[in-house]
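Naming convention: chains lettered A, B, ... in sequence-line order (proteins, then strands); numbering from 1 in each chain.
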Amino acid sequence: MHEMSLMENALQVVDDLMVNYNGAKVNEIVLKVGRLANCIPGALEFAFEALTREGPYKDAKLVIEKEPVLLKCAECSQVFEAGEFPWTCTCGSNAIEIIGGTEVYVANIDIDESE
Amino acid sequence: MKIDVMQDVKAVNAAYAEANREKLKNIFTVNIISSPGAGKTTLLEKLVKKLADKVNIAVIEGDLATARDALRVQACGIPAIQINTNGGCHLDAKMIANVLPGFDLAKLDLLIIENVGNLVCPADFDLGEDIKIVLLSVTEGGDKPIKYPIVFLKSSLAIINKIDLLPYCDVDMYALRKDISEINPKIRQMEISCREEKNIDEVAEWFLSQIMLKKQKSIL
Ligand SMILES: Nc1nc2c(ncn2[C@@H]2O[C@H](COP(=O)(O)OP(=O)(O)OP(=O)(O)O)[C@@H](O)[C@H]2O)c(=O)[nH]1
Ligand SMILES: [Mg+2]
Ligand SMILES: [Zn+2]
């Protein structure tokens, strides 16, 4: 399941950051998930629960923010949000490039410093 | 205390993919994606027969379990390494990085990676390939491209397999091809039958021309 491996990578990003905040506790992790990232929020939440039974995340909350799919027309360079398939530009062209909406980002985290 | 991070979770995979691409810069590398059973391994068996006396080929096989597909390819006289994902729904770039040392890369012209049978997740993971090929068999039904558009968007070649079975299917080939080109106007499409060895030559010719292109690019 790739939600599991994505969540592992997301926690790795947080781990790397937490090295600078010795012993701090994580309250909240905000993930930005593109609508084309092929990630189901429910499966991400499940992976999060399974992977955070202990350690600094034990009581952390996961917030998932869905990001829109952004397209760019190869003919007229217009950037717009995707609707239903097939994707066409207002200029009539269907030469479309995806420029956003496939990504998964750790947007921000909220922590309690111990001292 | 709130800390802004804005770090790409997929950056780990992307970094491995770029490292693979650098190692494979003289080797035309394809990532073949399809549903389970569309005929990826069968196509490889037919294809390597046509290509083996012209270019040096190696294959990486991705499956949840067993080494069967790698054994099938090895039986054609081609070096093949099996990756078992043990439940994982796709190959990732790190898995490829781990097995690349198993090949004599300096001698290769073509590396074919057969991904885990799945039309969804593999499309999301760059392995360091030059291009993706999506394979679709007519028995899956003609609605697959519009239901799983991402893999068609990201692929350079769409191969429609098992056309020998068209008389027993309700697929409208014209509509299917139109759907595919509406999703991706740049994609090249081919219709083949591995069973009857129909149009395998066309696929082989395409591979040879792509290998030539890659060699020209890597010299420049
Ligand atoms: N009728 C017909 N059968 C085919 C054709 N190509 C492959 N098959 C059959 O389809 C079945 C699956 O083929 P494989 O090549 O193993 O499919 P695959 O995509 O590698 O499957 P996985 O690796 O398990 O995802 C086999 O029984 C093949 O003989 C074809 O052109 N026509
Ligand atoms: Mg196979
Ligand atoms: Zn336009």
Does [atom1] in [X] sit with more than 12 non-hydrogen atoms of other residues, nucleotides or ligands closer than 6.0 Å?
X: A/I40; atom1: CD1; value: no
X: A/K61; atom1: NZ; value: no
X: B/D170; atom1: CG; value: no
X: A/E49; atom1: CD; value: no
X: B/M212; atom1: CE; value: no
X: B/Y148; atom1: OH; value: no
X: B/Y16; atom1: OH; value: no

Picking from [options], which has the most non-hydrogen pairs under 4.5 angstrom with chain B?
options: A/N94, A/T88, A/I96; answer: A/N94
options: A/A37, A/P86, A/A107; answer: A/A107
options: A/N38, A/I109, A/V30; answer: A/I109

Inter-residue atom distance [X].[atom1] - [Y].[atom2], 0.5 Å rounding:
X: A/Q12; Y: B/Q7; atom1: CD; atom2: CD; answer: 10.5 Å
X: B/I150; Y: A/T102; atom1: CD1; atom2: OG1; answer: 8.5 Å
X: A/I98; Y: B/L153; atom1: CD1; atom2: CG; answer: 4.5 Å

* Asked: Considering only heavy atoms, which portion of A/L36 lies under 4.5 Å from any heavy atom of chain B: side chain, backbone, both, or neither?
  -> both
* Go through the atoms of B/I146 and report whether side chain, backbone, both or neither lie under 4.5 Å from a heavy atom of chain A. => neither
* Structure fact -> In terms of heavy-atom contacts, B/K2 and A/D110 come closest through N-OD1, 3.6 Å
* Passing option when A/Y105 is tested against B/D8, B/V5, B/V9 for side chain to side chain contact (heavy atoms under 4.5 Å, CB included) -> B/D8
